[in-house]
**Student:** 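Before we start, here is the structure in question, set down as C-alpha cells.
The first residue in the sequence is number 1, and the count goes up from there. Small disclaimer: the values here were computed from a predicted structure and weren't measured. One-based numbering, in listed order, for ligands and for the atoms of each.
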Amino acid sequence: MTRPLITGNTALLGVIGYPVQHSLSPTMHNAALQELGLDWVYLPFPVPPAQLAAAVAGFAAMGVRGFNVTIPHKQAILAYLSEVSPLARTVGAVNTVKWTETGWSGTNTDIVGFLAPLRDRDWAGAVAVVLGSGGAARAVVAGCADLGFGEIWVVGRDPDKLTQFVASWPSLKGLRAVPWSELRPLLAQADLLVNTTPLGMHPQAKTSPVTGQDLDQVQKALVYDLVYAPRLTQLLQQARARGLRTQDGLSMLVQQGAAALSWWTGQPAPAATMERAVLEFLGGG
Ligand code: NAP
C-alpha cells in the first residue's frame, strides 16, 4: 500500500487501546480511505487508562472525526459519550465513537460484524454454545438474541462472572451459563458453536478451547471461531477433520470495521479492499 498524502485538510480517525500496536485497524481503514479517495487518515493511539479523559477531550479539541475503542477502554469510554446506541447499551461496551453536534456518540459494530456470515439462514429457536464470557461473548450473545436463538449457553471458568453475565440480561430467557465441565453434553444439540476465548490466537496458535472428544459430540453445529490470526485455527482444523462447517473470524473483523467506516464517512465501505489489506498484512492468512 502506498502511504496516504497528508494535506492541510486531512481529517483524522484512529483507534485507542493499551496496548494498541497489534491492531489491524490502521492497515484496514487506511486501505479503505485510499480506495474511497478521501483525504482522511487513521492512526493508532496507545492511551493508558489514566489518560483516557485527556485523550478524548484532546480528540474533541483537535477535530478528530471518530475513533475505534479497544481493550481496556471499551466500557470506560461510556462515561465520555453524550449518546450511546441501544445495541452498545445492551452489550455494555462501545467499539466505535463518532463526533456529532452534541458531542461523542458511541455504538458497537462487533454485533453487525459477528452476524454478517450468519444472515443466510433462519436461526429461530436454534441452540448456540458460546465458549468464553468476556467482551466478545457479550456481542455474540446480543447477536444470537437478535437472530432469535431459542437457547444460548455461555461456557466460562469463573462462576461469579458467569452469574453476573446472566444477571445482566434479565430479558433474555433462553440464556444459561455453565462451567467447562458441563460443555460436552451440550454439544450434541448445538446448531452453532462459537469460540470467543483467545485460545488458538497467535501466540497460542497450537491451542484449542475444546478436545477432539468434545467435538466428536457435535452433530450439526456450524463451528465459528472469532480468532482471525491464524485464520485456520486449531479448533477449525479439528472441526473440518470431522466434516463440520466452519467460519473464521476474518469476516467479523472486516465487517465491524466496514460498519464503523461507513458510519464515520456516510459512504458504503469497500469491504473487499479492507479484507485484502488485512490478508496481505497477515501474509495471506
Ligand atoms: P476478553 O474480554 O478478555 O474475554 C476472553 C474470554 O476468554 C474470557 O471469558 C476469559 O475467561 C476466556 N479465556 C481466556 N483464556 C482462557 C483459557 N485459557 N481457558 C478458558 N477461557 C479462557 O477478550 P475479548 O475481547 O472477548 O476477545 C476474545 C477473543 O475474541 C480474542 O482472541 C479476540 O481477538 C477475538 N475477537 C475477534 C473479533 C473479530 O472481529 N473477529 C472481535 C472481538 C474479539 P475469564 O473471564 O475467566 O478470564
Side-chain angles (χ1 to χ4, degrees), residues 15 17-25 27-29 68-77 87-88 91-96 107-118 129-143 153-166 168 177-183 193-211 214 223-236 246-261 269 271 274-275 277-279 281-282 285:
V15 53
Y18 199 70
V20 80
Q21 301 93 295
H22 63 280
S23 175
L24 297 172
S25 294
T27 303
M28 184 165 74
H29 283 290
N68 284 127
V69 185
T70 187
I71 292 169
H73 303 310
K74 282 185 168 190
Q75 282 90 31
I77 192 71
L87 270 184
V91 175
V94 162
N95 78 332
T96 306
T107 191
N108 190 311
T109 65
D110 279 337
I111 304 158
V112 179
F114 167 68
L115 289 177
L118 298 177
V129 175
V130 180
L131 306 176
S133 57
R138 296 193 66 84
V140 166
V141 167
W153 295 86
V154 172
V155 182
R157 58 186 178 177
D158 179 336
D160 292 339
K161 273 193 191 171
L162 291 179
T163 305
Q164 281 170 24
F165 193 104
V166 174
S168 70
V178 292
W180 286 87
S181 56
E182 292 179 30
L183 168 65
L193 173 65
V194 190
N195 175 38
T196 77
T197 78
L199 294 169
M201 180 92 172
H202 178 78
Q204 305 183 77
K206 293 265 182 279
T207 60
S208 168
V210 297
T211 64
D214 291 330
V223 180
Y224 191 158
D225 202 335
L226 299 200
V227 170
Y228 48 79
R231 235 182 137 180
L232 188 56
T233 58
Q234 198 70 26
L235 170 63
L236 297 190
T246 60
Q247 173 63 52
D248 64 51
L250 187 71
S251 89
M252 176 171 174
L253 175 75
V254 170
Q255 294 300 330
Q256 63 77 27
L261 190 66
M274 297 168 86
E275 179 170 320
V278 172
L279 281 175
F281 188 83
L282 294 175

**Student:** Compute the minimum heavy-atom distance from G113 to ligand 1 and say whether it is under 4.0 Å.
**Tutor:** no
**Student:** Nearest to atom 29 (C) of ligand 1, what protein heavy atom do you find, and at what distance?
**Tutor:** T196 O, 3.5 Å
**Student:** Which pair of heavy atoms, one from G156 and one from S133, lies closest together, and at what distance?
**Tutor:** CA-OG, 4.4 Å
**Student:** Closer than 4.0 Å to some heavy atom of G135 - which atoms of ligand 1 meet that?
**Tutor:** 2 (O), 26 (O)
**Student:** Within the distance-only criterion (no hydrogens, no angle test), does the side chain of T109 pair as donor or acceptor with the backbone N or O of V112 below 3.5 angstrom?
**Tutor:** no
**Student:** Counting distance only, does the side-chain N/O of T107 pair as donor-acceptor with the main-chain N or O of T96 below 3.5 Å?
**Tutor:** no
**Student:** Do you know which two heavy atoms are closest between R231 and D248, and how far apart they sit?
**Tutor:** NE-OD2, 2.9 Å
**Student:** Do side-chain atoms of N68 reach the backbone of N95 as a donor and acceptor pair under 3.5 angstrom?
**Tutor:** yes
**Student:** Is there a donor-acceptor pair under 3.5 Å between the side chain of Y224 and the backbone N or O of L118?
**Tutor:** no
**Student:** I need the atoms of ligand 1 closer than 4.0 Å to a non-hydrogen atom of A136, numbered in the order shown.
**Tutor:** 24 (P), 25 (O), 26 (O), 27 (O), 43 (C), 44 (C)
**Student:** Sub-3.5 Å donor-acceptor pair from the side chain of D110 to the main-chain atoms of F114, do we have one?
**Tutor:** no
**Student:** With heavy atoms of L253 as the reference, note each atom of ligand 1 found under 4.0 Å away.
**Tutor:** 39 (C), 40 (O), 41 (N)
**Student:** Regarding atom 17 (C) of ligand 1: of the candidates R157, Q255, K161, which has the closest heavy atom?
**Tutor:** R157
**Student:** Counting each atom of ligand 1 from 1 as listed, which ones have a heavy atom of I71 under 4.0 Å away?
**Tutor:** 25 (O)
**Student:** Begin with the C-alpha distance, continue with both residues' side-chain angles, and end with the deciding distance and a verdict on side-chain contact (heavy atoms from CB on, under 4.5 Å) for K74 and V94.
**Tutor:** CA-CA 5 Å; K74 282 185 168 190; V94 162; 6.0 Å; no
**Student:** Looking only at non-hydrogen atoms, which of G257, S133, P198 approaches atom 31 (C) of ligand 1 most closely?
**Tutor:** P198
**Student:** If you measure from atom 7 (O) of ligand 1 to every heavy atom of L199, L226, T197, L250, which option wins on shortest distance?
**Tutor:** T197
**Student:** Please list the nearest protein heavy atom to atom 34 (O) of ligand 1 with its residue and the distance rounded to 0.1 Å.
**Tutor:** M201 CE, 3.7 Å
**Student:** Is atom 48 (O) of ligand 1 less than 4.0 angstrom from some protein heavy atom?
**Tutor:** yes
**Student:** Any donor-acceptor pair under 3.5 Å linking the side chain of S23 with the backbone of V20?
**Tutor:** no
**Student:** What is the nearest protein non-hydrogen atom to atom 8 (C) of ligand 1, stated with its residue, atom name and distance?
**Tutor:** G134 N, 3.8 Å
**Student:** Please state which part of M252 comes within less than 4.0 Å of ligand 1, counting heavy atoms only: side chain, backbone, both or neither.
**Tutor:** both
